[in-house]
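Letters A, B, ... are given to chains in the order of the sequence lines, protein chains preceding strands, and every chain is numbered from 1.
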There are 2 protein chains.
Amino acid sequence: MARTYGSFSQNTAPRVFKTALRLFAQYGYAAVSMRQIASDVGVQVGALYNYTPDKQTLLFTIMRDHMENLLNAWEGRPQSNDPLVRLKDFIKFHLTFHLHKTDEVFVSYMELRNLSEENFVVIEKLRRNYELILEHILERGSNDGVFHISDARVTTLALIGMLKEVGTWYRPEGRLSSKEITNIYQDMVAHFLGVDSPVMPANR
Amino acid sequence: MARTYGSFSQNTAPRVFKTALRLFAQYGYAAVSMRQIASDVGVQVGALYNYTPDKQTLLFTIMRDHMENLLNAWEGRPQSNDPLVRLKDFIKFHLTFHLHKTDEVFVSYMELRNLSEENFVVIEKLRRNYELILEHILERGSNDGVFHISDARVTTLALIGMLKEVGTWYRPEGRLSSKEITNIYQDMVAHFLGVDSPVMPANR
DNA sequence: GTCTATATTAAGATAGAC
DNA sequence: GTCTATCTTAATATAGAC
């Protein structure tokens with residue numbers, strides 16, 4: 001491929017999105033300028049507009065890609081019929097994904113209000129679909145008598161809150177590994193849902 | 001008091017801070033301009049600078065006042081020596097405060113990264129002090145054998161996540177009243193901590 | 001205490017050269 | 001595909017009149 005105007009080109013597209021993601025996570029969408037993104041990528045500001053029609057679309061693309069990756073990754077997994085196994089699978093999946101995609105998760109949560117109305121609708125629907133995965137697992141387990149839940153909706157949201165919180169304090173070099181955290185959470189949540197016997201295949 | 005330049009003045013100070021709080025909560029600090037605040041207050045932009053030296057201080061003042069109100073309100077309460085009573089008191093206090101100060105809570109959580117370095121240190125310390133209230137209650141209850149906790153720090157953070165989440169979905173006109181939510185949470189958390197007997201003085 | 005006017009800086013986005 | 005240069009708009013903050 002021919003170089004254009006003396007600059008390296010074929011890697012720019014992914015670098016634009018990665019840089020924007022990192023800066024949005026650190027400073028917030030509204031506080032980051034296109035000039036700052038360009039500077040960190042190592043191009044002039046005009047070049048960015050080869051990769052996005054505007055700043056808003058840059059944010060939207062980042063959030064949509066993340067949510068679709070998340071949903072597709074879950075759908076692509078083998079699904080157990082046992083509610084407790086399914087729940088533990090979900091916790092492991094959620095934590096693995098979220099502890100390794102901290103910027104994406106943070107931006108997708110924090111920048112909802114900076115989406116245009118039409119973009120917000122799209123992202124909110126994807127987000128809701130993800131919450132429904134957990135909600136359905138809980139409903140199923142509750143109906144089967146495996147989980148003991150007083151108010152299903154409140155319990156779902158409380159669990160989501162618990163799981164979301166992890167992203168705010170986890171550090172790869174911290175006291176607990178992502179595997180240890182997963183185990184603690186799996187036990188904590190099972191206990192929380194009043195599961196009778198904690199006897200389970202280990203390290204599922 | 002004499003009116004100045006044909007305008008009403010004595011109410012402006014609180015209105016500036018209330019308006020800024022509302023707009024920061026809705027659109028985010030970086031996305032809100034001083035002009036927009038002035039317009040909503042009903043003054044010209046220059047008038048704002050009678051009440052704050054700059055925009056940053058406006059944000060800092062809002063966050064500091066909120067955190068100090070929160071801590072002072074807790075300190076001013078009678079404190080029980082029974083860990084479970086204390087825990088339920090804290091949950092009730094937390095939810096009552098947070099369900100009625102949604103904007104303050106939201107801004108204090110979302111805008112941390114828009115504080116200047118020196119302002120961040122002050123707010124972070126206040127935030128940490130608040131978390132420590134719950135952490136100490138759990139430690140005490142754990143030592144007394146009333147609560148059954150595997151990892152104290154993770155449990156504290158999980159609980160904080162659960163409690164924080166409430167602010168994102170509670171609506172005064174929603175299905176559950178703030179009183180009902182409080183009861184559900186008190187029971188859920190007690191169960192979560194493995195408290196043996198749910199027999200408690202009601203509506204504490 | 002508030003106004004109008006303005007200084008200064010920086011933002012998003014585009015045009016046209018290479 | 002990227003550059004430089006520029007258009008247009010809007011931001012924070014200040015000065016001085018009333």
Side-chain angles (χ1 to χ4, degrees), chain A residues 1-21 23-24 26-63 107 111 113-119, chain B residues 1-21 23-24 26-63 107 111 113-119:
Chain A
M1 177 193 270
R3 303 168 95 217
T4 63
Y5 207 69
S7 233
F8 37 110
S9 64
Q10 69 271 38
N11 288 326
T12 305
R15 288 171 64 225
V16 166
F17 288 94
K18 279 179 193 164
T19 302
L21 169 63
L23 292 174
F24 289 166
Q26 187 165 4
Y27 302 108
Y29 170 78
V32 173
S33 69
M34 294 296 273
R35 277 174 174 78
Q36 192 178 353
I37 297 169
S39 166
D40 274 33
V41 170
V43 296
Q44 292 301 312
V45 66
L48 293 183
Y49 291 87
N50 289 311
Y51 304 100
T52 180
D54 50 38
K55 191 184 172 191
Q56 167 70 207
T57 305
L58 195 51
L59 175 64
F60 173 65
T61 304
I62 287 170
M63 291 174 73
V107 167
E111 303 298 350
R113 62 186 169 182
N114 283 311
L115 290 170
S116 69
E117 278 185 51
E118 57 190 17
N119 287 342
Chain B
M1 177 194 269
R3 300 167 99 217
T4 63
Y5 206 71
S7 233
F8 38 109
S9 65
Q10 69 270 38
N11 289 327
T12 304
R15 287 171 64 224
V16 166
F17 288 93
K18 279 181 194 166
T19 301
L21 168 63
L23 291 174
F24 289 166
Q26 187 165 6
Y27 302 108
Y29 170 78
V32 173
S33 69
M34 294 297 271
R35 277 174 173 76
Q36 192 178 353
I37 297 169
S39 166
D40 274 32
V41 169
V43 295
Q44 292 301 313
V45 66
L48 295 182
Y49 291 86
N50 288 310
Y51 304 101
T52 180
D54 49 39
K55 191 186 172 190
Q56 167 69 206
T57 305
L58 195 51
L59 175 64
F60 173 65
T61 304
I62 287 170
M63 292 174 73
V107 167
E111 302 300 349
R113 63 185 168 182
N114 283 312
L115 290 170
S116 69
E117 277 185 51
E118 56 191 19
N119 287 341

To the nearest 0.5 Å, tell me how far B:Y29 OH sits from B:R113 CZ. 13.0 Å
Measure the OH-CG distance between B:Y51 and B:L58 for me, rounded to the nearest 0.5 Å. 12.5 Å
All N/O pairs under 3.5 Å across the protein-nucleotides 11-14 of chain C interface:
from, atom 1, to, atom 2, distance (Å)
C:dG12, OP1, A:K55, NZ, 3.0
C:dG12, OP2, A:M34, N, 2.8
C:dG12, N7, A:R35, NH1, 3.0
C:dG12, O6, A:R35, NH2, 3.2
C:dA13, OP2, A:Y49, OH, 3.3
C:dA13, OP2, A:K55, N, 3.0

From CG of B:L48 across to P of D:dT14 the rounded distance in Å is 13 Å
Is B:Q44 near enough to C:dT4 that one of its side-chain N or O atoms lies under 4.0 angstrom from OP1 or OP2? yes
Once you round to the nearest 0.5 Å, how far does OG1 of B:T57 lie from CD1 of B:I62? 11.0 Å
A:Q56 (side chain) donor-acceptor with A:S116 (main chain) under 3.5 angstrom: yes
In Å, rounded to the nearest 0.5 Å, how long is the span from CE of A:M63 to CG of A:N114? 9.0 Å
Can you measure from CG (A:D40) to CG (A:L23) and round to the nearest 0.5 angstrom? 5.0 Å
Phosphate contact (D:dG1 OP1 or OP2) by A:T12 side-chain N/O below 4.0 Å: no
Are A:I37 and A:L48 side-chain neighbours, meaning at least one heavy-atom pair lies under 4.5 Å? yes
To the nearest 0.5 Å, tell me how far B:T12 OG1 sits from B:F17 CZ. 11.5 Å
What would the secondary structure line of DNA chain C be in dot-bracket form, counting Watson-Crick and G-U wobble pairs under 3.5 Å, with [ ] for pairs that cross earlier ones and | for pairs with another strand? ||||||||||||||||||
Nearest-Å distance for atom pair OH/C1', residues B:Y51 and D:dA13: 17 Å
